[in-house]
Novice: 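Take a look at the following structure, please.
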Number of protein chains: 2
Amino acid sequence: MNQFREHIEAIVPLTDAEFELIYSHFSVRKYKKHQFLIQEGEPVKYAYFIVSGLVKLVYADALGKQHIVSFAMEDWWESDFGAYYTQSKAAMSLICIEDTEVLCLAFDDYHKLCATFHKMEHFFLMKSNFGHVGAQQRILSLLTTNAKERYAQLLKKSPALFQRVSKTMLAAYLGVSRETLSRLSA
Amino acid sequence: MNQFREHIEAIVPLTDAEFELIYSHFSVRKYKKHQFLIQEGEPVKYAYFIVSGLVKLVYADALGKQHIVSFAMEDWWESDFGAYYTQSKAAMSLICIEDTEVLCLAFDDYHKLCATFHKMEHFFLMKSNFGHVGAQQRILSLLTTNAKERYAQLLKKSPALFQRVSKTMLAAYLGVSRETLSRLSA
DNA sequence: ATTACAGTGTGATGTAAATCACAGAAACCT
DNA sequence: AGGTTTCTGTGATTTACATCACACTGTAAT
């Protein structure tokens, strides 16, 4: 909770009263490894702030092959935002890689927060802007580099991930086969 | 200008006075085909709203090969947002494919707009959210499909593009070589 | 403890797409 | 109009990577 407050205050300062009111829009939930926060085909009720743990956002293609759109860990926000913003069915699943604790924000609470606190709208704008830029960098990485370079880039950018997720999952994130990834690290 | 107002009012309604004040934060500029709106390595002063015309956001890799991060046409916003938000040097170039008219928004005017008009902050939040989702879909497309499918997807999603840009550029956008693209369409 | 399964490495083979190379067609100067 | 540059198609060759197949390990489940 303090961690959450600091996370917000890194962008917008808050009074105690403001924080209390903001915090009251969230609910705490805990999940075990392998549990689903979002299941493909189901409505997406919440966006999640990860307090602790690690999750993956997974898309299963027509052949059932799993692709990892993103990982999210402590202090990250995650959801199937496409479905969340349009309040439609999930195209992807959000699954725990470790036991995970989250703060859940329902869609209308998101709007209430934005409408009530100019600061929070600003906060979310900053987050969204930088999320957008991050996604664009991933596109660039996929367009410009081969598997080996992408592996090196990720190792440099998120060394923590390598301790916490299997190589199989890293491969699904990098868009390479498991076998190729195995041969790369050598 | 009416077009611009409608573009904003599709998300947030405005009074005449509000629109006037908002509009005064922008400056109009016209560029010819082949001109640069943003040059790699230079500071990024503006985000652009495209009134008419067509531009490409291009990244040149270490070998000088050109990759197209995105196209932007009428009613789109474009910039090297990574550099714009952090007010640093451009990593990419923004180049006209056709004669283009834009509305320029300087970075501090962007902040002023957001600070002054809650509505505009909301407007930008919506734009950023959907931009983020769009980028994520592009990532998914790059992860899950081969060149042929990506070509088919783009043809379905943006048929207008095919009338206005060369196949060479389409290839640079799809992440395929010019030659391979040529063989695909057959 | 024994089974079961996810994770990993490594060889052999197949394939999509890159690269190299050339030529004709279209668009653009001045 | 004539020359330059860009765009495009098509063949031949090469390469990065996927796929298939198998074996070994560590971890979790009963």
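Chain letters run A, B, ... following the sequence lines, proteins first, then strands; residues in each count from 1.
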Novice: Scan B:Arg150, B:Gln153, B:Gln136, B:Glu149 and name whichever one has a side-chain hydrogen bond (donor to acceptor under 3.5 Å, both in side chains) with B:Ser141.
Specialist: B:Gln153
Novice: Under 6.0 Å between ring centres: does that hold for B:Phe26 and B:Tyr48?
Specialist: no
Novice: Can the ring centroids of A:Tyr84 and A:Tyr46 be said to lie less than 6.0 angstrom from one another?
Specialist: no
Novice: Please give, in whole Å, the distance from D:dC17 P to A:Leu184 CG?
Specialist: 7 Å
Novice: Between P on C:dT13 and CZ on A:Arg183, what's the gap in Å once rounded to a whole number?
Specialist: 13 Å
Novice: If the cut-off is 4.0 Å, is B:Lys33 near the phosphate of C:dA27, judged by side-chain N/O to OP1 or OP2?
Specialist: no
Novice: Just the rounded figure in Å: distance from P of D:dA16 to CG of B:Asn146.
Specialist: 20 Å
Novice: Tell me: CE of A:Met169 to C1' of C:dG7, nearest whole Å?
Specialist: 10 Å
Novice: Compare side-chain N and O positions of A:Ser177 against OP1 and OP2 of D:dC17 and report whether any pair is under 4.0 Å apart.
Specialist: no
Novice: Find which nucleotide of DNA chain C each of B:Val176 and B:His34 is nearest to by heavy atoms, and output the residue with the more 5' nucleotide.
Specialist: B:Val176
Novice: In terms of ring plane angle, is the pair A:Phe4 and A:His7 parallel, tilted or perpendicular, where the classes change at 30° and 60°?
Specialist: parallel
Novice: Give a yes/no on whether any side-chain N or O of B:Lys32 is located under 4.0 angstrom from OP1 or OP2 of C:dC28.
Specialist: no
Novice: Among residues 159-167 of chain B, which contact DNA chain D at a heavy-atom distance under 4.0 Å?
Specialist: B:Ser166, B:Lys167
Novice: Does A:Gly175 or A:Arg178 map to a spot on DNA chain D nearer the 5' end, using the closest nucleotide for each?
Specialist: A:Gly175
Novice: Quick one: are the ring centres of A:Phe124 and A:Trp77 less than 6.0 Å apart?
Specialist: yes
Novice: Just to confirm, is there a sub-4.0 Å distance from OP1 or OP2 of D:dT8 to any side-chain nitrogen or oxygen of B:Thr168?
Specialist: yes
Novice: Indicate whether OP1 or OP2 belonging to D:dC17 is found under 4.0 Å from a side-chain N or O atom of A:Thr180.
Specialist: no
Novice: To the nearest Å, how far apart are B:Glu179 CD and D:dC7 P?
Specialist: 14 Å
Novice: Calculate the interatomic distance between A:Ile97 atom CD1 and D:dA28 atom C1'; express it in whole Å.
Specialist: 18 Å
Novice: How long is the line joining CG of A:Leu170 and P of C:dG9, in whole Å?
Specialist: 11 Å
Novice: The test is salt bridge (charged side-chain N to carboxylate O under 4.0 Å, His left out); show your working for B:Arg5 and B:Asp16 and say whether it passes.
Specialist: CA-CA 10 Å; B:Arg5 181 165 177 178; B:Asp16 289 358; 2.9 Å; yes
Novice: Take atom NZ of A:Lys45 as the centre, draw a 6.0 Å sphere, and report whether it contains more than 12 heavy atoms from other residues, nucleotides or ligands.
Specialist: no
Novice: Measure from OH on B:Tyr151 to C1' on C:dA17 and round the result to the nearest Å.
Specialist: 16 Å
Novice: Give the intermediate values and the outcome of side-chain contact (heavy atoms from CB on, under 4.5 Å) for residues A:Leu113 and A:Phe123.
Specialist: CA-CA 11 Å; A:Leu113 272 185; A:Phe123 172 80; over 6 Å; no
Novice: Does A:Arg138 count as lying over the ring of A:Tyr173, i.e. NZ or CZ under 6.0 Å from the six-ring centre, within 45 degrees of the axis?
Specialist: yes
Novice: Please identify which of these residues, A:Leu94, A:Leu37, A:Val51, meets the side chain to side chain contact (heavy atoms under 4.5 Å, CB included) condition with A:Val102.
Specialist: A:Leu37
Novice: Given the rule that a pair is Watson-Crick or G-U wobble with both distances under 3.5 Å, how would you write DNA chain D in dot-bracket, using | for pairs to a different strand?
Specialist: |..|||||||||||||||||||||||||||
